[in-house]
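So the structure is just underneath, and the comments pick up after that.
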Protein chains: 2
Amino acid sequence: MRPGIKDVAARAGVSPATVSRVLGGTYPVAQATRAKVQRAMRELDYVVNAQARALKGATSKTVAFIVSDVTGPFFAHVADGVEQQATAEGRLCLVCTTHDEPERELAVIDLMREQRADAVILVGGGQEDHAYRERMVRLARALDDAGSRLVLCGRPPLGDDVPATVVDYDNEGGAFAMTSHLLALGHRRIAFMGAQENLTTPTARVRGFRRAHHERGLEPDPELVIEGEFTRSFGYAGARDLLRRRPDVTAIFSATDVVATGVLQAVRDAGLRCPDDVSVTGYDDIPFAADFAPALTTVSIPHSELGRAAVRLALHRDSYSTGQYVKLGTHLAVRDSAGPLPH
Amino acid sequence: MRPGIKDVAARAGVSPATVSRVLGGTYPVAQATRAKVQRAMRELDYVVNAQARALKGATSKTVAFIVSDVTGPFFAHVADGVEQQATAEGRLCLVCTTHDEPERELAVIDLMREQRADAVILVGGGQEDHAYRERMVRLARALDDAGSRLVLCGRPPLGDDVPATVVDYDNEGGAFAMTSHLLALGHRRIAFMGAQENLTTPTARVRGFRRAHHERGLEPDPELVIEGEFTRSFGYAGARDLLRRRPDVTAIFSATDVVATGVLQAVRDAGLRCPDDVSVTGYDDIPFAADFAPALTTVSIPHSELGRAAVRLALHRDSYSTGQYVKLGTHLAVRDSAGPLPH
DNA sequence: GCCTGAATAGACAACGTTCTCTGTGGGTGT
DNA sequence: ACACCCACAGAGAACGTTGTCTATTCAGGC
């Protein structure tokens, strides 16, 4: 049987309350008594019951981390930041996946409400439609009532009156910078691979792509903004078809690095060289981007700082008068996969 | 304020016990009463308090997942399996990192003991010394007393009398197969990059490397078994020095894919081509191994099955008469980075 | 020698569930 | 008409903590 505070008290010859005070350290206990209690705890190999403690207190000292898929390199690095900061703040870290099923997302947030997590961090882009937004607003309020804080990490804010913390990064700015880079290299027929109408992340990236063209007085060819998921297989199929249909394209801006892996494969399979024949770039700067063939030019996101900031802001929300919206910067990681326009 | 079972009971005009019974579903409640209660729950947006429930029950319906670093691709995929299976079994998933600090490992396991997790899954290799083993044995017993199960995932068993579940993979067999593959391609001066004396994983891989030589009546050159950590930077520095010191080497078997990325970089920087001048192989088959330059020949590990099996075995340990030790197979993933011996 | 106040320790009531007893009606069998 | 059982619902005690309130002791000041 697992010993409780009473067993320790009995063995030390004191009352349970005294043991609790030794545990907490927030109340005067005589040196001799403390020693007796500590000895009893050691002898019984006692550990507190976290559930009982949480039941008494207001919170479970836990941070929940919700992603669509733990294996995504993007998520793994945000998770790293979350875990680091949570540990530093004396919190444990719960992980849940949604696999992009909206109902599952709902269910998982209810689970976290049951757990009375201090913060519930939703990582990754969200959908753009109104119904989804409304649901998020309701969840934010429900969590707020339960004493938790909803944190949106990597997606835009819901509105000022919604009790949620938002930690975003400059999605559009990164796409703008990358597109400008390609334009500066002389490319004019640039494809964007992986647009998705109703999702916040690809939409912001397409916006940056367009804006970079417009600022140079150019109009992006609508035929070159290609819809598709953030997967390797879409990158492969999409690029293969594109290269057949539009051999005049000289650069492909992939919506994510994972898409870029597929694009690079398609380029190789088409007998073309990168970057000599066609430039390929990505977005995210995943850990192995520098090891691809060729090393991938991409947009770097401060992944782990995103996670750390999420936890930090959520837990100290009263002391941040600056508000609950932070937008971190992105920057270009220029490597070998994008070069000047071939002639 | 967050509503409790009493508030629901009051609103529905029944006793708290009845509400609990509607919640549990394991006791007859009249149809009309059930409807009243469910309506009250909906109106108050009630969710149970997981801590209170766990306090009553024997366990917190939680699985803990302990790794040295969440960002490692190996870990991410085991985590995926763990999370999948935990969800399927109605458990939540706690994540902790140790960053390879033994004291932190200790502290984290105590934290899990406090949480009364159903299973505590320790992922990745361990140290080989006696003191460490003894400590693990004590932890296994302590967790067993607390009603939890220690699971060792990706490291060898502690002994028959220790209450722990072990889910391992054929570490040595994979190294044996890979080395045999290289030998069959004609290579005779093969380096092993990333041995570490006191750690179980590299030790097993070196063992397979040696055995493959011996079975062909060959003796591996001790100078070619190079000590080093499982990092990209070691791979780079180690391979750079090796290629300078021993230009006669024709193949480099990297202890992990991450090491291989560094090795590949060093090979490129030395002006050599892979696999034409020197073959390079890895171990782990991380997700992007196929996207490296060239696509990496490596040993594939059933990562997520490792995680799933860990949870499955730990939670149903009474119904597995077969014992609490499972060893999963590994297989070669032959790609482009290893070729026949150049002449 | 008595009062005051610090320092310390115990008793007891929460926290929100679930489980085990006890009812309490109303239907059935004889 | 009586006993009996069944289906249901309530009362109350846990689970292991922590916080509040009260009781004891002892030193010091008058």
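Computed from a predicted structure; not experimentally measured. Within every chain, numbering begins at 1; the chains are lettered A, B, ... in the order of the sequence lines, protein sequences first and strands thereafter.
A donor-acceptor contact under 3.5 angstrom links the side chains of T97(B) and E83(A), judged on distance only. Under the 3.5 Å distance criterion, with hydrogens and angles disregarded, no donor-acceptor pair is assigned to the side chains of D80(A) and T71(B). A donor atom on one side chain and an acceptor atom on the other are found under 3.5 Å apart for R149(A) and T165(A). Side chains of E105(A) and Y132(A): a donor on one and an acceptor on the other come within 3.5 Å.
Residues from residues 35-46 of chain A placing a heavy atom under 4.0 Å of any atom in DNA chain C do not occur.
A side chain to side chain contact (heavy atoms under 4.5 Å, CB included) with V167(B) is found for one member of L306(B), I121(B), V311(B) and no other, namely L306(B).
Below the 3.5 angstrom threshold, one finds a donor paired with an acceptor across the side chain of R21(A) and the base of dG10(C).
Here dC19(C) presents its P atom at 11 Å from CG of L23(B), a figure rounded to the nearest Å. Atom NZ in K56(B) sits about 16 Å away from atom P in dG12(D), given to the nearest Å. Counting to the nearest Å, the P atom of dG16(C) and the CD atom of E114(A) are 15 Å from each other. Here the P atom of nucleotide dG16(C) and the CG atom of N49(A) are 16 Å apart, to the nearest Å. In this structure, R53(A) atom CZ and dC15(D) atom C1' are separated by 16 Å, rounded to whole Å. Note: CD (Q51(A)) to C1' (dC15(D)) measures 11 Å, nearest angstrom.
Between dA9(C), dG10(D), dT17(C), one nucleotide has an atom nearer to the side chain of T18(B) than all others, and that is dG10(D). Relative to the side chain of I5(B), the nucleotides dT8(C), dA11(C), dT17(C) differ in distance, and dT17(C) lies closest. The listed nucleotides are dT17(D), dC15(D), dG10(C); the one nearest the side chain of L55(B) is dC15(D). Closest to the side chain of A17(B), out of dC19(C), dG10(C), dG16(C), is dC19(C).
Counting only distance, with no hydrogens or angles, the side chain of R133(A) and the backbone of L158(A) share a donor-acceptor pair below 3.5 Å. Proximity of a side-chain donor or acceptor of R138(A) to a complementary backbone N or O of R135(A) within less than 3.5 Å is not detected.
Sequence order on DNA chain C of the closest nucleotides to A30(A) and T26(B) puts A30(A) first from the 5' end. For the pair K6(A) and Y27(A), nearest-nucleotide mapping onto DNA chain D gives the more 5' position to K6(A). Mapping P16(B) and R116(B) onto DNA chain D by nearest heavy atom places P16(B) at the nucleotide closer to the 5' end.
The phosphate of dA9(D) has OP1 or OP2 within less than 4.0 Å of a side-chain N or O from T33(B).
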